Amino acid sequence: MSTDTLQHTDPVVDEARVEAFVERYLTDLAGAATTAMTVIGDRLGLYAALTGAGPLTDGELAARTGLHPRLVAEWLAAQTVSGYVTHDATTGTYELPVEHAAVLSVADSPAYLAGAAEIVTGQYLTLEQLAAAFRGSGGIDYATLPASMFEGVERFFRTAYTHEMASVWFPAVDGLVDRLESGARVADVGCGRGPSSLQVAGHWPACSVTGFDVHTPSILTARAAAIEAGVDDRVGFVVADAVEIGPGPFDVVLFSDALHDMGDPPAALRRAREVLADDGILVVVEPWSLDRLVDGIGNPSVRLDYAISTSVCTPGSLAQPGAYGLGTQGGPAVRLRLLADAGFRDPVLAADTGANLVLAARK
């Protein structure tokens with residue numbers, strides 16, 4: 001048989017595989033559309049009104065929220081078929097289970113994830129920019145992203161900072177808690193709107209914290225939050241690129257879900273080492289990821305992170321000096337190599353929670 005004949009032979013199509021993929025694709029489309037409804041429920045207070053209210057009719061929920069009754073009824077139907085709310089067809093009522101409220105509306109819950117929906121919304125709002133990035137330099141300036149995305153990022157990450165930083169992450173780093181309790185000077189690099197800085201200050205009142213971020217609106221929000229929390233006397237925020245932090249010295253340098261977003265992570269780590277005091281501690285918290293791509297196939301967390309990384313984190317890095325493009329995923333091994341290459345001693349994966357990686361090293 002000739003090569004030409006081989007090239008033009010129609011492939012054998014496995015119809016069952018086609019049908020299975022159609023089902024998978026429709027499931028993904030349903031999830032994407034439902035996320036839009038989640039944002040509406042969050043922004044308009046529908047979940048808040050349902051929380052702890054017991055069974056409500058669509059009319060009662062509309063009255064409680066002051067929203068259009070017909071649209072509230074349709075939203076409740078969408079939530080019902082997605083399994084977000086329960087429905088009693090006999091009484092015509094709807095209820096948000098307490099377990100679901102923990103994810104969607106109770107902000108101090110360890111399962112609260114409502115902010116993630118705003119991040120996904122930001123993906124869709126910036127699709128034209130992303131297409132241009134694919135065709136051009138690869139970069140999207142973080143300053144051009146919608147404000148709701150920065151708020152969503154803060155809300156999403158704050159849950160882990162609140163419930164795991166003091167109880168899981170930092171105790172896993174040798175000597176870190178003792179250093180903080182004794183009154184460490186802490187630099188929080190890539191602090192965003194300041195939730196990680198405020199958590200450090202709240203748990204360890206002897207510490208002083210300086211947060212650094214290149215995004216001015218986030219720094220302004222962080223400063224206001226510090227004042228509101230009554231810790232602005234020992235928590236400050238500075239607009240600065242990661243390679244410009246200082247002057248130091250700091251006893252602890254922290255990167256909270258930020259290293260992968262930076263244009264030049266190697267340079268940022270070298271600067272972190274420069275401003276650390278002798279035997280100072282570096283802590284790098286990153287979203288959970290795996291070293292091997294194939295190990296993440298089908299994992300919803302990995303799927304979400306790769307999509308966000310393609311839409312936001314990697315193009316954000318490529319728009320900055322250095323254009324390193326580390327990405328949200330990729331595993332702990334590449335991050336440990338970055339720490340070692342920057343001159344840090346004893347880089348180690350101190351904790352793997354299944355949601356975050358906590359890496360540590362010393363100067």
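What you are looking at is a predicted structure, and each value in this text was computed from that prediction instead of being measured. The first residue in the sequence is number 1, and the count goes up from there.
Between the CG atom of Asp264 and the CG atom of Leu326 there is a distance of 11.0 Å, given to the nearest 0.5 Å. Distance check: Gln329 CD to Leu304 CG gives 9.0 Å after rounding to the nearest 0.5 Å. Summarising the geometry, atom CD belonging to Glu151 is positioned 5.5 Å from atom CZ belonging to Arg155; distances are rounded to the nearest 0.5 Å. Residue Cys313 holds its SG atom at 12.5 Å from OH of Tyr306, rounded to the nearest 0.5 Å. Rounded to the nearest 0.5 angstrom, Phe134 CZ and Leu130 CG are separated by 5.0 Å.
For Trp288 (side chain) and Asp352 (main-chain N/O), no donor-acceptor pair under 3.5 Å exists by modelled atom type. Under a 3.5 Å cut-off, the side chain of Thr93 and the backbone N or O of Leu56 do not form any donor-acceptor pair. Panel note: side chain Arg335, backbone Leu359; no donor-acceptor pair is recorded below 3.5 Å. With hydrogens and angles disregarded, a donor-acceptor distance shorter than 3.5 Å links the side chain of Lys363 to the backbone of Arg273. Without hydrogens or angle criteria, His163 side chain to Asp108 main chain gives a donor-acceptor distance under 3.5 Å. Remark: side-chain polar atoms of Asp188 are paired, donor with acceptor, to backbone N or O of Ser197 under 3.5 angstrom. Within the 3.5 Å criterion, the main-chain N or O of Tyr84 finds a donor-acceptor partner in the side chain of His100. Not one N or O on the side chain of Glu118 forms a donor-acceptor pair closer than 3.5 Å with the backbone of Gly152. Judged by distance alone, with hydrogens and angles left aside, the side-chain atoms of Glu23 form no donor-acceptor pair with the main-chain N or O of Glu19 at under 3.5 Å. No donor-acceptor pair closer than 3.5 Å links the side chain of Thr35 to the backbone N or O of Ala117.
Salt bridge present: Arg70 and Glu74 bring a charged side-chain N and a carboxylate O closer than 4.0 Å. Checked for salt-bridge contact, Asp213 and Arg193 miss the test: no charged N lies under 4.0 Å from a carboxylate O. A salt bridge is absent between Asp14 and Arg17: the closest approach of a Lys/Arg side-chain nitrogen to an acidic carboxylate oxygen does not fall below 4.0 angstrom. Ion pairing between a basic and an acidic side chain is recognised when a charged N comes within 4.0 Å of a carboxylate O; Arg271 and Asp241 show no such pairing.
Residues satisfying the salt bridge (charged side-chain N to carboxylate O under 4.0 Å, His left out) test with Asp28, not counting sequence neighbours, are Arg24, Arg303. Applying the side chain to side chain contact (heavy atoms under 4.5 Å, CB included) rule to Asp58 yields the partners Ala73, Leu76, Tyr94; only residues at least two apart in sequence or on another chain are considered.
Contact detail for Gln320 and Gly263: the closest heavy-atom pair is OE1-N, 3.2 Å. Here the shortest heavy-atom pairing between Leu338 and Pro266 reads CD2-CG, 3.8 Å. Taking both residues in full, the closest heavy atoms of Pro249 and Leu276 are given as CB-C, 4.5 Å, listed atom of the first, atom of the second, then distance. For the residue pair Ala166 and Pro171, the shortest heavy atom distance occurs at O-CG, 3.2 Å. What you find for Arg179 and Asp251 is that their closest heavy atoms are NH1-O, 3.7 Å. Nearest heavy-atom pair across Pro347 and Leu336 is C-CD2, 3.9 Å.
The aromatic rings of Phe250 and Phe212 stand perpendicular to each other, their planes meeting at an angle above 60°, with 30° marking the opposite boundary. Under the 30°/60° scheme for interplanar angles, the aromatic rings of Trp169 and Tyr161 are found to stand perpendicular.
Linking Ile, Leu, Val, Met, Phe, Trp and Tyr whenever their side-chain heavy atoms come within less than 4.5 Å leaves Met165 and Val189 in two separate clusters. In the hydrophobic clustering of this structure, Val168 groups with Trp204; members are Ile, Leu, Val, Met, Phe, Trp, Tyr whose side-chain heavy atoms approach within less than 4.5 Å, directly or through other members. Val39 and Ile119 are assigned to two separate hydrophobic clusters, defined by single-linkage of ILVMFWY side chains at heavy-atom distances under 4.5 Å. Clustering ILVMFWY residues whenever any of their side-chain heavy atoms sit less than 4.5 angstrom apart, transitively, puts Val253 in a cluster other than the one holding Ile281.
Using a 4.5 Å heavy-atom threshold, the side chains of Val312 and Ile140 count as separate. Contact check for Val283 versus Phe255: no side-chain heavy atoms found under the 4.5 Å cut-off.
Among Val22, Thr27, Leu29, the one residue that satisfies the side-chain contact (heavy atoms from CB on, under 4.5 Å) test with Tyr25 is Leu29.
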